[in-house]
Amino acid sequence: MISFTSTQTKPPTHLLHSQNLPPFSQRTTLPSLIKTHSRIHVSKRSKNLKLRVHASAAADGAQPYDREPAQQQPLFSHKKPTSLKIAVVGFGNFGQFLAKAFVRQGHTVLAHSRSDYSATAQKLGVAFFSDPDDLCEQHPEVVVLCTSILSTEKVIKTIPFQRLRRNTLFVDVLSVKEFPRDLLLSYLPPEFDILCTHPMFGPQSGKFSWVGLPFVFDRVRIGPGEYRADRCDEFLGIFAREGCRMVEMSCAEHDRFAAGSQFVTHTMGRVLERFGLESSPINTKGYETLLNLVHNTAGDSFDLYYGLFMYNKNAMEQLERLDMAFEGLKKELFGNLHEVCRKQLFGHTEGITESITGERPEKVPKFLPASPRSAAIDDQLKPRSSGVHSNGAPNGSAANGSLKLSTETIR
Ligand code: NAP
């Protein structure tokens with residue numbers, strides 16, 4: 001069963017750049033396969049899908065933008081999902097992982113990356129283009145940015161937007177959201193649609209199934225017209241069909257939540273990886289969870305982790321909180337240890353006091369296991385029964401001598 005939740009009833013108005021955009025309630029549509037919750041606005045269209053498609057326009061790189069299609073035709077129905085032409089930009093670990101699902105669902109997939117992945121692409125049924133101009137001249141309806149967070153701005157600058165159709169939908173899947181949203185809003189021509197997403201799983205955690213895994217999205221800018229809204233829904237439908245838990249929230253909300261959950265998870269995974277966890281014959285369930293955490297996070301590039309830190313303004317605060325929590329825990333442990341040692345030490349001196357003053361101090365339990373060193377200290381501190389110490393000194397000075405020796409031994 002597909003579930004769909006939203007924390008956002010309205011998109012932030014500053015994100016609606018185009019003056020021509022209709023109000024949110026008119027624009028928001030959901031494919032019928034996505035179950036809606038009460039706070040989501042659903043247009044009549046989503047119940048009665050009358051969707052339209054581009055007639056293919058000839059490519060003409062000389063025009064400022066490739067022409068909009070003159071005619072529109074039915075694109076998809078309830079029964080059969082529409083096939084989209086999707087370009088994946090950044091065909092690394094995650095780009096390939098997503099491309100497999102796109103191909104599996106019958107979409108036409110193109111790819112472009114800095115490195116040459118033609119052989120891998122061929123195996124996956126993906127058309128690979130080393131030159132971004134060639135990719136754009138294929139007129140993908142959707143361009144999915146799967147680049148590292150750190151390189152995204154650089155890559156966006158290399159995309160020849162003028163070779164794309166004017167209403168192309170740009171999607172990003174970066175693990176931070178405010179940063180790519182701002183980049184796309186500032187670099188893309190205003191006619192382009194923008195959908196910011198974060199599939200909150202990866203090649204490890206989503207290896208066998210995406211059922212129940214969260215997919216966060218924010219329709220940052222979807223232009224007017226049914227075709228645009230439906231294309232966006234169709235793209236979201238890819239993840240809904242795989243069983244993802246579809247969560248609509250603003251990019252800012254995502255970054256706040258993700259810093260406290262995803263960034264902390266990655267940090268603990270990397271700390272434990274450096275710590276060098278090893279499997280043992282007596283692994284507990286909790287320990288298995290830690291081993292899995294290391295396994296799931298170690299496969300991700302350091303660029304990804306560094307991006308989570310650098311490009312989420314909430315990450316630093318979480319790192320500091322983690323640090324403080326660790327220090328706090330250490331302080332509590334060492335504080336208890338100090339208390340035990342203190343009692344042990346002063347317990348002995350209290351014994352000496354008894355021999356001097358004749359007062360019996362409260363009995364202090366011995367918490368620490370006896371070591372040869374503590375046994376020596378015990379011996380030194382033992383109260384003497386005779387009135388004269390073995391060195392011939394009276395008891396009082398003998399006790400003082402013992403105490404002095406004991407503290408030196410301890411040091
Ligand atoms: P990544 O290290 O974050 O990104 C690798 C991709 O970035 C590759 O396609 C690589 O291209 C490209 N790239 C890196 N530096 C570049 C540069 N200087 N110029 C051009 N391209 C560059 O690893 P990833 O796991 O594949 O993640 C890709 C994106 O998906 C990231 O934004 C990440 O936050 C997001 N994401 C990842 C996961 C996950 O579990 N892995 C989950 C959700 C979202 P080449 O391979 O051609 O060098």
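When a ligand or atom number is given, it counts from 1 through the structure's own listing order. Reckoned from all heavy atoms, side chains included, excluding hydrogens, waters and symmetry mates.
Using cut-offs of 30° and 60° on the angle between ring planes, the pair F128 and H112 is parallel. A tilted orientation is assigned to the rings of W210 and F97, their planes being inclined by 30° to 60°. Note: F192 and F170 have parallel aromatic rings, judged against thresholds of 30 and 60 degrees for the angle between ring planes.
With ligand atoms numbered from 1 in the order given, ligand 1 contributes 9 (O) to contacts under 4.0 Å with heavy atoms of G90. Heavy-atom proximity to V155, at under 4.0 Å, picks out these atoms of ligand 1: 20 (C), 21 (N). If you number the atoms of ligand 1 from 1 as listed, the ones under 4.0 Å from a heavy atom of K154 come out as 17 (C), 18 (N), 19 (N). Close approach of ligand 1 to D300 is summarised as follows: ligand atoms under 4.0 Å from at least one heavy atom of the residue are 39 (C), 40 (O), 41 (N). Of all atoms in ligand 1, numbered sequentially from 1 with element shown, those under 4.0 Å from a heavy atom of N93 are 25 (O), 26 (O). Listed by number with element, the atoms of ligand 1 under 4.0 angstrom from any heavy atom of I149 are 32 (O), 34 (O). Atoms of ligand 1 found under 4.0 Å from any heavy atom of F91, numbered from 1 in the order shown, are 9 (O). Near S301, meaning under 4.0 Å from one of its heavy atoms, ligand 1 places the atoms 1 (P), 2 (O), 3 (O), 23 (O).
If you check which protein heavy atom lies closest to atom 40 (O) of ligand 1, you get G202 CA, 3.1 Å. Nearest non-hydrogen protein atom to atom 32 (O) of ligand 1 is T147 O, 2.7 Å. In terms of protein heavy-atom proximity, atom 22 (C) of ligand 1 is nearest to S151 OG, 3.3 Å. Of all protein heavy atoms, the one lying nearest to atom 28 (C) of ligand 1 is C146 O, 3.1 Å. Distance from atom 35 (C) of ligand 1 to its nearest protein heavy atom, with residue and atom name: V173 O, 3.4 Å. The single protein non-hydrogen atom nearest to atom 9 (O) of ligand 1 is G92 N, 3.0 Å, given as residue, atom name and distance.
The parts of S175 lying near ligand 1 are both backbone and side chain, judged by heavy-atom distances below 4.0 Å. Using a 4.0 Å cut-off between heavy atoms, M200 makes no contact with ligand 1 at all. Neither the backbone nor the side chain of L150 comes within contact range of ligand 1; no heavy atom lies under 4.0 Å. Contacts between L308 and ligand 1, counted as non-hydrogen atom pairs separated by less than 4.0 Å, are absent for every part of the residue.
Around atom CZ of F326, no more than 12 heavy atoms belonging to other residues, nucleotides or ligands sit under 6.0 Å away. More than 12 heavy atoms of other residues, nucleotides or ligands shown are found within 6.0 angstrom of CD on E273. Atom CD of E317 sits in a sparse spot, with 12 or fewer heavy atoms from other residues, nucleotides or ligands closer than 6.0 Å. Within 6.0 Å of CZ in R342 there are more than 12 heavy atoms belonging to other residues, nucleotides or ligands.
Between T82 and R231, every side-chain heavy-atom pair lies at or beyond the 4.5 Å cut-off.
Atom 46 (O) of ligand 1 has its nearest heavy-atom neighbour, among F94, F97, Y117, Y311, in Y117. In this structure, of S113, S148, S130, the residue bringing a heavy atom nearest to atom 14 (C) of ligand 1 is S148. Comparing R114, H198, Q262 against atom 18 (N) of ligand 1, the shortest heavy-atom distance belongs to R114.
Note: no N/O pair closer than 3.5 Å links P199 and ligand 1 by distance alone.
F201 counts as a contact of ligand 1, since one of its heavy atoms falls under 4.0 Å from the ligand. Using 4.0 Å as the threshold, P203 has a heavy atom nearer than that to some atom of ligand 1.
Looking only at distances, no side-chain donor or acceptor of D255 sits under 3.5 Å from a matching main-chain atom of N312. Side-chain N or O atoms of K85 include one that pairs as donor or acceptor with a backbone N or O of Q138 at under 3.5 Å.
The pair R163-D134 does not count as a salt bridge, with every side-chain nitrogen at least 4.0 angstrom from each carboxylate oxygen.
When all heavy atoms are compared, the tightest approach of A315 to L308 is CB-O, 3.6 Å.
For the 3.5 Å distance criterion, the side chains of T267 and Y305 qualify, holding a donor opposite an acceptor.
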Original post:
Under the salt bridge (charged side-chain N to carboxylate O under 4.0 Å, His left out) criterion, do R219 and D193 qualify, and how do the steps go?
Top reply: CA-CA 9 Å; R219 292 176 168 96; D193 288 351; over 6 Å; no
